[in-house]
Amino acid sequence: QVQLVESGGGLVQAGGSLRLSCAASGRTFSSYAMGWFRQAPGKERDFVAAISWSGGNTYYADSVKGRFTISRDNAKNAVYLQMNSLKPEDTAVYYCAADPGPWGTGPYDYWGQGTQVTVSS
């Protein structure tokens, strides 16, 4: 069982940066792949980025590639999403999720409550 709590969302101007954090509970955190997803109003939840259990492999949606960076610190039971060059279309609720498998291909069994990111133009 893994419990996830996101933080770091907020309001930022276009072109700005935010760093999201996800704190995880559970002694097996380092065996899980982790992912970030987002859901904009009226839209489905979309994949943003994923990182393998060791941090050695990362994956990104095309829409964020080159702007966002996912990382993890297994000693701190945490995963991060550094978001640079933010655009208004990045506005969404961002969710952290845990995949019991090592590579982040899903399914994601555990989800946080989400943190709001709003990018103003």
Side-chain angles (χ1 to χ4, degrees):
Q1 190 88 10
V2 177
Q3 293 184 323
L4 305 170
V5 179
E6 303 96 335
S7 61
L11 174 64
V12 64
Q13 289 188 332
S17 298
L18 280 175
R19 188 191 194 212
L20 304 184
S21 298
C22 175
S25 65
R27 291 175 290 178
T28 58
F29 172 78
S30 61
S31 67
Y32 287 76
M34 298 297 296
W36 287 96
F37 293 76
R38 66 186 182 186
Q39 186 167 20
K43 296 188 177 181
E44 294 186 351
R45 186 158 53 189
D46 290 331
F47 168 78
V48 174
I51 188 166
S52 62
W53 67 278
S54 67
N57 298 85
T58 56
Y59 313 92
Y60 297 94
D62 288 343
S63 58
V64 306
K65 205 170 291 183
R67 300 188 298 123
F68 290 12
T69 303
I70 188 171
S71 61
R72 67 188 297 161
D73 186 337
N74 286 343
K76 295 183 178 180
N77 276 18
V79 63
Y80 309 100
L81 186 68
Q82 177 66 44
M83 305 187 295
N84 299 329
S85 302
L86 282 161
K87 305 175 181 180
E89 51 263 44
D90 295 318
T91 295
V93 177
Y94 283 71
Y95 297 91
C96 172
D99 173 2
W103 306 116
T105 54
Y108 286 80
D109 290 347
Y110 305 102
W111 295 83
Q113 83 289 349
T115 186
Q116 176 71 47
V117 171
T118 303
V119 184
S120 63
S121 57

- request: Answer yes or no: is there a donor N or O on one side and an acceptor on the other, between the side chain of E6 and the main chain of S21, under 3.5 Å?
  value: no
- line: Between the CG atom in L18 and the OG1 atom in T115, the distance rounded to the nearest 0.5 Å is 9.0 Å
- prompt: Between Y95 and V64, is there a shared hydrophobic cluster once you connect ILVMFWY residues whose side-chain heavy atoms come closer than 4.5 Å?
  reply: no
- prompt: Taking NZ, NE, NH1 and NH2 as the nitrogens, is one of them in K65 or D62 under 4.0 Å from a carboxylate oxygen of the other?
  reply: yes
- request: Would you name the heavy atoms of P88 and A14 that are closest together and state the gap between them?
  value: CD-CB, 4.1 Å
field: Straight-line distance of F47 CZ to Y59 OH, nearest 0.5 Å
entry: 9.0 Å
- line: CZ of R38 to CG of D46, rounded to nearest 0.5 Å, is 7.0 Å
- prompt: What's the spacing between T118 OG1 and Q13 CD if we round to 0.5 Å?
  reply: 13.0 Å
message: When you compare the side chain of S71 with that of Q82, does any pair of heavy atoms fall below 4.5 Å?
response: no
message: For the OG atom of S30 and the CG atom of D73, what is their distance to the nearest 0.5 Å?
response: 11.0 Å
L4 versus C96, closest heavy-atom pair with distance: CD1-O, 3.6 Å
statement: What one should report as the nearest heavy-atom pair of S52 and G56 is OG-N, 3.4 Å
field: V12 vs S120 side-chain heavy atoms within contact, under 4.5 Å
entry: no
task: Start with the C-alpha distance between V79 and I51, add both sets of side-chain angles, then the distance that settles side chain to side chain contact (heavy atoms under 4.5 Å, CB included), and finish with yes or no.
output: CA-CA 9 Å; V79 63; I51 188 166; 4.2 Å; yes
message: Between L81 and V119, is there shared hydrophobic-cluster membership here, with clusters defined by ILVMFWY side-chain heavy atoms closer than 4.5 Å?
response: yes
message: Could you check, using the six-membered ring where one of them is a Trp, whether Y108 and F37 have ring centers closer than 6.0 angstrom?
response: yes
- prompt: Would the number of heavy atoms belonging to other residues, nucleotides or ligands and lying under 6.0 Å from CD of Q116 be above 12?
  reply: yes
query: Hey, are the side chains of W53 and S31 touching, using non-hydrogen atoms and a 4.5 Å cut-off?
result: no
- line: Looking only at heavy atoms, the pair that brings Y60 and A49 closest together is CD2-CB, 3.6 Å
- prompt: With a 4.5 Å limit on heavy-atom distance, are the side chains of L20 and Y80 in contact?
  reply: no
- prompt: Looking only at heavy atoms, which two atoms of P107 and D99 are closest? And how far apart?
  reply: O-OD1, 3.2 Å
query: Hey, what do you get for CG (D90) to CE (M83), rounding to the nearest 0.5 Å?
result: 7.5 Å
message: Could you check whether any side-chain N or O of N77 sits under 3.5 Å from a backbone N or O of S25, counting only pairs where one atom can act as donor and the other as acceptor?
response: no
query: Taking N84 for the side chain and G16 for the main chain, is one N or O donor matched with an acceptor at less than 3.5 Å?
result: no
query: Cluster question for you: counting only ILVMFWY and a side-chain heavy-atom cut-off of under 4.5 Å, with indirect links fine, are V93 and W111 together?
result: yes
Heavy-atom neighbours of E44 CD exceed 12 at 6.0 Å: no
- prompt: Can the positive tip of R72 be found less than 6.0 Å from the middle of the six-membered ring of F29, inside 45° of the ring normal?
  reply: yes
- request: Give me the ring orientation class for Y94 and F68: parallel if the planes are under 30° apart, tilted from 30 to 60°, perpendicular past 60°.
  value: tilted
- prompt: A92 and A40: which non-hydrogen atoms are nearest, and at how many Å?
  reply: CB-N, 3.8 Å
